[in-house]
Every structure is written in C-alpha cells, then in structure tokens.
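Written out below as structure tokens is the structure these notes cover.
For the numbers below, each heavy atom of this structure counts, side chains included, while hydrogens, waters and symmetry mates do not.
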Amino acid sequence: MTGDLGNKASDYLVDLIAFLRSTFAVFTHLPGKVAQTACMSACKHLATSLMQLLLEAEVRQLTLGALQQFNLDVRECEQFARSGPVPGFQEDTLQLAFIDLRQLLDLFIQWDWSTYLADYGQPNCKYLRVNPVTALTLLEKMKDTSRKNNMFAQFRKNERDKQKLIDTVAKQLRGLISSHHS
C-alpha cells in the first residue's frame, strides 16, 4: 500500500533488470536458441512472480496508488523485453510474457469495467487475458482498502459512490464467473 506515487520503478526491480541485462550480455558465446530460451524463461518467471505477488493471500489490501506503482514496475519489465536483451527474438515476442499483467493493470488503472464486462468471451476483446477470478480477487482487495482505511469514508458521497461501483462490478464478476465456470 503506497500513498506516494513515484515516477520510476521500484529499486528492487531496477536492480533485478540490471542483473538480467548483465547476465544476458555475457550469453553471447552461447548458441542463439539457448540464450533465447533462458531469456524467455526469465521473463516468464518474472511475470508469474509479479502476478503471484498481487494475488497472494498475505496482500489483503491494495490501493490505486499501489497498483500505479506496480504498473511502473511492469513497464520497466516491458522496456527490458523491448530492448532485445538477447538477439533473435521477433519484434514483441518477449513482451508477450507480460501481457496478462499489462491487460490486468490497464483494466484497473483505466477502470474500464464496462468494456471488460461487455466484451468478455469475445475472441478479440481488449482484455482477453484477464481472468474474471483474478479481476475479482484484486477488486476485493481494493474494496477492503476503501472501507478500512477511512472510517469517515461512509459519510462522503464520492467514497460511497466508489464503494457502490466496486460492489456492483464485483457482483457482475461473480455472475460472469458462475455462468462461465459452471
């Protein structure tokens, strides 16, 4: 939970990306496929670890500010992938490792629930990679945040409206989950 929104990725992630850059820089003597496999595996592992960090049970609350900082971290990962740390990848191949995170973060930061709910299940929808269970899990963590952090929030109309919106979207996600997973 962060209140201060910086304009750069978290230090731990910047250090990790620097480590990966230096590691892959010395892979020049390896066969191309070996270096590519190692690089893709590292990107997939990083993306999976970041997603697990968002979803783990110990993280009970998330603020929009925390998601925005997390977004900066994912952008740093995407920039690393775009930079071509290992030669031989087609244009956006490495970035695909982060597509699930990118679509999930875009949905929450842009608060684009009407598009997500209307297009869910369509083959070319904007948020094709966002699982409704994952979205509901994150939404529940945000709902808890606005309720617990400010005991006077219930008295402010905009906070009440935000809470009603979160509750409405959560209800629609539950309906989506039950209709598609039963």
Side-chain angles (χ1 to χ4, degrees), residues 1-14 16 43-78 81 95-182:
M1 303 223 336
T2 180
D4 305 342
L5 182 61
N7 57 357
K8 66 182 190 79
S10 303
D11 290 340
Y12 79 92
L13 196 81
V14 171
L16 176 63
C43 287
K44 285 181 178 179
H45 179 74
L46 182 54
T48 300
S49 298
L50 288 171
M51 183 68 83
Q52 288 172 342
L53 181 65
L54 273 181
L55 300 177
E56 72 182 32
E58 290 87 40
V59 178
R60 291 192 288 275
Q61 295 182 352
L62 276 173
T63 62
L64 184 57
L67 278 181
Q68 289 170 330
Q69 180 59 53
F70 199 80
N71 186 48
L72 291 172
D73 293 349
V74 172
R75 285 189 192 282
E76 185 76 17
C77 295
E78 291 168 325
Q95 286 177 260
L96 291 176
F98 302 100
I99 192 72
D100 293 12
L101 280 166
R102 169 55 42 227
Q103 288 187 10
L104 182 66
L105 289 169
D106 285 351
L107 173 62
F108 273 82
I109 290 171
Q110 295 168 13
W111 207 252
D112 196 11
W113 293 104
S114 57
T115 301
Y116 177 76
L117 294 166
D119 294 351
Y120 182 77
Q122 305 292 326
N124 295 324
C125 65
K126 184 176 180 180
Y127 301 106
L128 182 65
R129 307 289 303 196
V130 178
N131 181 312
V133 175
T134 302
L136 181 60
T137 301
L138 280 188
L139 195 63
E140 293 289 343
K141 291 178 183 209
M142 291 184 79
K143 179 166 64 172
D144 287 348
T145 300
S146 53
R147 283 198 177 131
K148 291 177 185 171
N149 274 1
N150 188 347
M151 61 186 206
F152 297 110
Q154 62 199 22
F155 300 114
R156 290 203 303 255
K157 182 178 177 350
N158 62 345
E159 285 295 324
R160 283 194 317 265
D161 291 347
K162 179 183 173 192
Q163 197 56 53
K164 283 181 191 173
L165 180 60
I166 289 174
D167 290 341
T168 300
V169 171
K171 183 178 177 183
Q172 290 173 318
L173 283 171
R174 283 188 201 92
L176 200 62
I177 292 165
S178 66
S179 69
H180 282 79
H181 296 294
S182 54

Subject >> Verdict with supporting geometry, Arg102 and Arg75, side-chain contact (heavy atoms from CB on, under 4.5 Å) >> reply: CA-CA 8 Å; Arg102 169 55 42 227; Arg75 285 189 192 282; 3.5 Å; yes
Original post:
What's the verdict on side-chain contact (heavy atoms from CB on, under 4.5 Å) for Leu13 and Val74, showing C-alpha distance, side-chain angles and the deciding distance?
Top reply: CA-CA 9 Å; Leu13 196 81; Val74 172; over 6 Å; no
Original post:
For the side chain of Glu140 and the backbone of Ala170, is there at least one donor-acceptor N/O pair under 3.5 Å apart?
Top reply: no
Subject >> Heavy-atom pair with the smallest gap, counting every atom of Ala97 and Lys44 >> reply: CB-N, 4.0 Å
**OP:** Apply side-chain contact (heavy atoms from CB on, under 4.5 Å) to the pair Phe108 and Leu62, showing each step before the final yes or no.
**Re:** CA-CA 11 Å; Phe108 273 82; Leu62 276 173; over 6 Å; no
Subject >> Carboxylate-amine/guanidinium contact Lys141 Glu56, below 4.0 Å >> reply: no
Original post:
With distance as the sole test, does Gln95 use its side chain to make a donor-acceptor pair with the main-chain N or O of Ala81 at under 3.5 Å?
Top reply: no
Subject >> Lys/Arg N to Asp/Glu carboxylate O, Lys171 vs Asp167, below 4.0 Å >> reply: no
Original post:
Is it true that a side-chain atom of Asp112 and a backbone atom of Leu107 form a donor plus acceptor pair closer than 3.5 Å?
Top reply: no
**OP:** Indicate the atoms forming the closest heavy-atom contact of Cys77 with Leu50, along with that distance.
**Re:** SG-CD1, 3.8 Å
Original post:
What are the two closest heavy atoms between Leu101 and Ala47, and how far apart are they?
Top reply: CD1-O, 3.5 Å
Original post:
So, Tyr120 versus Trp113, ring centres under 6.0 angstrom or not?
Top reply: no
**OP:** May I have the step-by-step check of side-chain contact (heavy atoms from CB on, under 4.5 Å) for Gln110 and Lys126, ending in yes or no?
**Re:** CA-CA 12 Å; Gln110 295 168 13; Lys126 184 176 180 180; 3.5 Å; yes
**OP:** Taking Ser179 for its side chain and Leu176 for its backbone only, find out whether a donor-acceptor pair lies under 3.5 Å.
**Re:** yes
Subject >> Option among Val133, Leu104, Leu138 that satisfies the side chain to side chain contact (heavy atoms under 4.5 Å, CB included) test with Leu55 >> reply: Leu138
**OP:** Work out which heavy atom in Leu139 is nearest to a heavy atom in Val169; give both atom names and the distance.
**Re:** CD2-CG1, 3.5 Å
Subject >> Minimum heavy-atom distance Val130-Ala135, with the two atoms named >> reply: CG1-CB, 4.0 Å
Original post:
Between OG of Ser178 and CG of Leu173, what distance do you get to the nearest 0.5 Å?
Top reply: 10.5 Å
Original post:
Is Gln61 reaching over with its side chain to a backbone N or O of Met142, donor-acceptor style, under 3.5 angstrom?
Top reply: no
Original post:
Which pair of heavy atoms, one from Leu128 and one from Gln103, lies closest together, and at what distance?
Top reply: N-OE1, 3.1 Å
